[in-house]
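Quick caveat: nothing in here was measured; it's all calculated off a predicted structure. Excluded from the calculations below are hydrogen atoms, water molecules and symmetry mates; all remaining heavy atoms, backbone and side chain alike, are included. Note that ligands are numbered from 1 as they come in the structure, with each ligand's atoms numbered from 1 the same way.
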Amino acid sequence: MNTRPNLAIFGAPPAFDVPLPVGQLYFPSWERYERAFRGIFERQYYNNNGPLHEQLECRLREFFGVKHVLLVSNATLGLMMVADALELTGKVLMPAFTFIASAQSVSRAGLDPLFCDINRNTHQIDVDQIVRHMDEEVSAIMGVNLWGGTCQPQILEKLADTLGVKLYFDSAHAFGCAIEEGKIGSFGQAEVFSFHATKILNATEGGCICTNDDDLALRLRSIRPSYRESTPLVPVVRVANARMSEAQAAVALMSLEDFPENRANNERLYQLYECRLRDIPGIRLVEPAQVRVSNYQYLICEIDEIRFGLSRDQLLEVLKAENVIARRYFYPGLHHCIPYANDSRFCTEPLIHTDELCHSCLQLPIGARVSAQVVEKICDILVLTQANAKWIAQRIK
Ligand code: T4K
């Protein structure tokens with residue numbers, strides 16, 4: 001095609017009137033929201049193990065089928081608390097292809113992350129990568145269950161046992177996911193979930209820690225104290241105010257009630273994307289890896305610059321002009337981020353798969369605010385862009 005394509009980047013009106021972000025961004029109806037908050041006002045109780053907090057912990061214990069659930073104010077603090085409560089030393093082995101919070105939680109606990117590569121196809125850390133990067137200072141492995149898929153926690157459990165190290169999971173992306181052996185939430189010493197507004201279980205900000213270990217749960221409760229108790233339940237090195245408020249718990253309870261519907265909506269949208277993206281050269285939809293049930297929280301694809309005709313970053317510009325705010329999670333790999341970059345303490349060899357993916361991975365909108373029509377429109381833009389890729393490439397950087 002030699003004519004100017006009808007795209008906003010070349011002056012056409014944008015496909016969407018308002019920016020369309022990538023997160024789940026669930027909002028309950030105003031009436032339900034008002035009812036829940038009226039209760040908080042009537043009880044005059046905002047925080048510190050209130051009734052909604054208790055109710056949410058109880059519901060989540062049932063949901064996950066675990067002995068202990070501790071609500072926290074976000075997953076980053078939750079991960080930090082687990083590193084403290086496990087009394088780790090030295091290094092924590094983890095993938096470099098994850099959100100910066102995974103590594104920062106380790107650094108804040110006074111430990112060093114040791115980064116390893118991932119499986120190129122699934123994007124998940126796997127046994128080969130762990131064994132390859134293991135060293136004697138490593139006291140724990142942090143598995144990261146990415147993109148509504150998993151890093152095969154049941155296999156990592158066996159490996160951690162053999163290596164004699166602890167194992168915990170950053171499961172920020174995995175709420176409601178399951179493998180044959182059970183629901184994500186009950187593997188390793190502990191698992192940490194994020195309830196940020198962009199996640200499928202939304203407390204606006206928040207998260208939880210799941211564990212079946214009574215002693216660990218006690219240490220975690222002492223780290224996240226209820227200041228009603230004048231002394232911690234057991235002695236701990238440091239405490240963190242990581243409590244979740246009644247307002248956050250109220251939103252999370254509504255989100256939990258609507259989880260089946262929101263998950264099903266995600267799955268329908270995923271299938272529609274799958275059907276439409278199949279025919280576009282140079283786009284590979286990444287399937288949630290190694291799960292029986294996925295939450296389809298993220299819609300992830302890889303852009304092959306040669307076959308698509310534009311780089312991932314050029315495509316991002318085209319989409320942005322249309323008000324589709326796609327993201328390049330994760331960029332750059334953590335081994336290139338401050339304070340870890342160019343330091344062999346954190347990374348001992350090139351991480352080829354991570355580096356490749358950081359330049360080709362693209363996240364598209366999915367979630368409660370996205371409808372089938374929206375997906376069709378986004379895919380129409382992608383088809384038009386690919387068909388005109390040569391022409392576009394000559395005109396944008
Ligand atoms: N481990 C992993 C693997 C993670 O991915 C994360 C967090 C964590 C651990 C730590 O969990 P938390 O400590 O956050 O509980 C976001 C989220 O803040 C973060 O939770 C998430 N992962 C990460 C992947 O993405 P940003 O800075 O990219 O999000 P933000 O605020 O820019 O929102 C994304 C888009 O949504 C923007 O276009 C704005 C829009 N938006 C956002 C909010 C909150 C709205 O339109 N309305 C809203 O209310 O980090």
Side-chain angles (χ1 to χ4, degrees), residues 16-28 33 70-83 92 94-109 113 115 118 123-125 142-151 168-175 177 184 190-210 224 240 242-244 247-248 251-252 255 288-289 295 297-300 316 319-320 322-334 337 354 357-358 361-370 374:
F16 297 94
D17 294 339
V18 291
L20 186 64
V22 288
Q24 294 288 308
L25 301 173
Y26 155 89
F27 282 85
Y33 191 84
L70 267 96
L71 296 175
V72 287
S73 45
N74 58 62
T76 311
L77 269 169
L79 287 165
M80 210 178 91
M81 287 166 60
V82 171
V92 176
M94 58 185 297
F97 192 62
T98 175
F99 195 55
I100 185 78
S102 316
Q104 284 287 300
S105 69
V106 167
S107 298
R108 283 200 170 268
F115 298 118
I118 36 135
H123 298 191
Q124 314 279 345
I125 191 174
M142 182 199 292
V144 181
N145 291 309
L146 270 194
W147 310 145
T150 75
C151 54
Y168 65 111
F169 292 92
D170 176 342
S171 295
H173 295 187
F175 183 85
C177 296
I184 297 305
E191 297 203 43
V192 180
F193 293 83
S194 170
F195 300 159
H196 183 256
T198 52
K199 305 293 188 287
I200 194 158
L201 202 283
N202 169 13
T204 70
E205 274 284 359
C208 79
I209 306 170
C210 295
R224 183 212 67 181
R243 288 168 307 188
M244 180 185 278
Q248 289 167 294
V251 175
S255 180
N295 55 25
Q297 181 171 274
Y298 291 104
L299 198 290
I300 302 296
L316 272 172
L319 290 170
K320 192 171 161 206
E322 304 290 350
N323 264 333
V324 178
I325 314 302
R327 283 282 176 107
R328 53 182 187 178
Y329 294 125
F330 301 106
Y331 180 87
L334 298 187
C337 288
T354 300
L357 279 178
C358 287
C361 199
L362 176 76
Q363 198 181 129
L364 291 171
I366 192 166
R369 272 167 47 173
V370 177
V374 167

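- Less than 4.0 angstrom separates some heavy atom of Thr98 from each of these atoms of ligand 1: 3 (C).
- When every heavy atom of Cys208 is checked against every heavy atom of Leu71, the shortest pair comes out as CB-CD2, 4.1 Å.
- For Ala75, a nitrogen or oxygen atom sits less than 3.5 Å from a nitrogen or oxygen atom of ligand 1, counting backbone and side chain alike.
- Counting heavy atoms under 4.0 Å from ligand 1, residue Leu77 does not touch it at all.
- The closest approach between Val22 and ligand 1 stays at or above 4.0 Å for every heavy atom of the residue.
- Of all atoms in ligand 1, numbered sequentially from 1 with element shown, those under 4.0 Å from a heavy atom of Gly206 are 15 (O).
- Each of the atoms 35 (C), 36 (O), 38 (O), 40 (C), 46 (O) of ligand 1 lies under 4.0 Å from some heavy atom of Pro21.
- When only modelled atom types and interatomic distance are considered, Gln248 and Thr204 share no side-chain donor-acceptor pair under 3.5 Å.
- The aromatic ring centres of Phe330 and Trp147 sit less than 6.0 Å apart.
- Protein heavy atom at the shortest distance from atom 41 (N) of ligand 1 is Leu25 CD1, 3.9 Å.
- For ligand 1, the atoms sitting less than 4.0 Å from at least one non-hydrogen atom of Thr76 are 10 (C), 12 (P), 13 (O), numbered in the order shown with element in parentheses.
- Contact annotation: Pro19 has no heavy atom less than 4.0 Å from any atom of ligand 1.
- Here the heavy atom of the protein found nearest to atom 27 (O) of ligand 1 is Arg327 NH1, 4.4 Å.
- Distances shorter than 4.0 angstrom occur between a heavy atom of Ser102 and an atom of ligand 1.
- For the residues His196, Gln363, Lys199, the heavy atom positioned nearest atom 22 (N) of ligand 1 is part of Lys199.
- The shortest N or O to N or O distance between Tyr298 and ligand 1 is not below 3.5 Å.
- Of all protein heavy atoms, the one lying nearest to atom 5 (O) of ligand 1 is His173 NE2, 2.8 Å.
- Neither the backbone nor the side chain of Phe195 comes within contact range of ligand 1; no heavy atom lies under 4.0 Å.
- Of the protein's non-hydrogen atoms, the one nearest atom 6 (C) of ligand 1 is Phe99 CD2, 3.4 Å.
- Counting atoms of ligand 1 from 1 in the listed order, those under 4.0 Å from a heavy atom of Ser194 are 11 (O), 12 (P), 15 (O).
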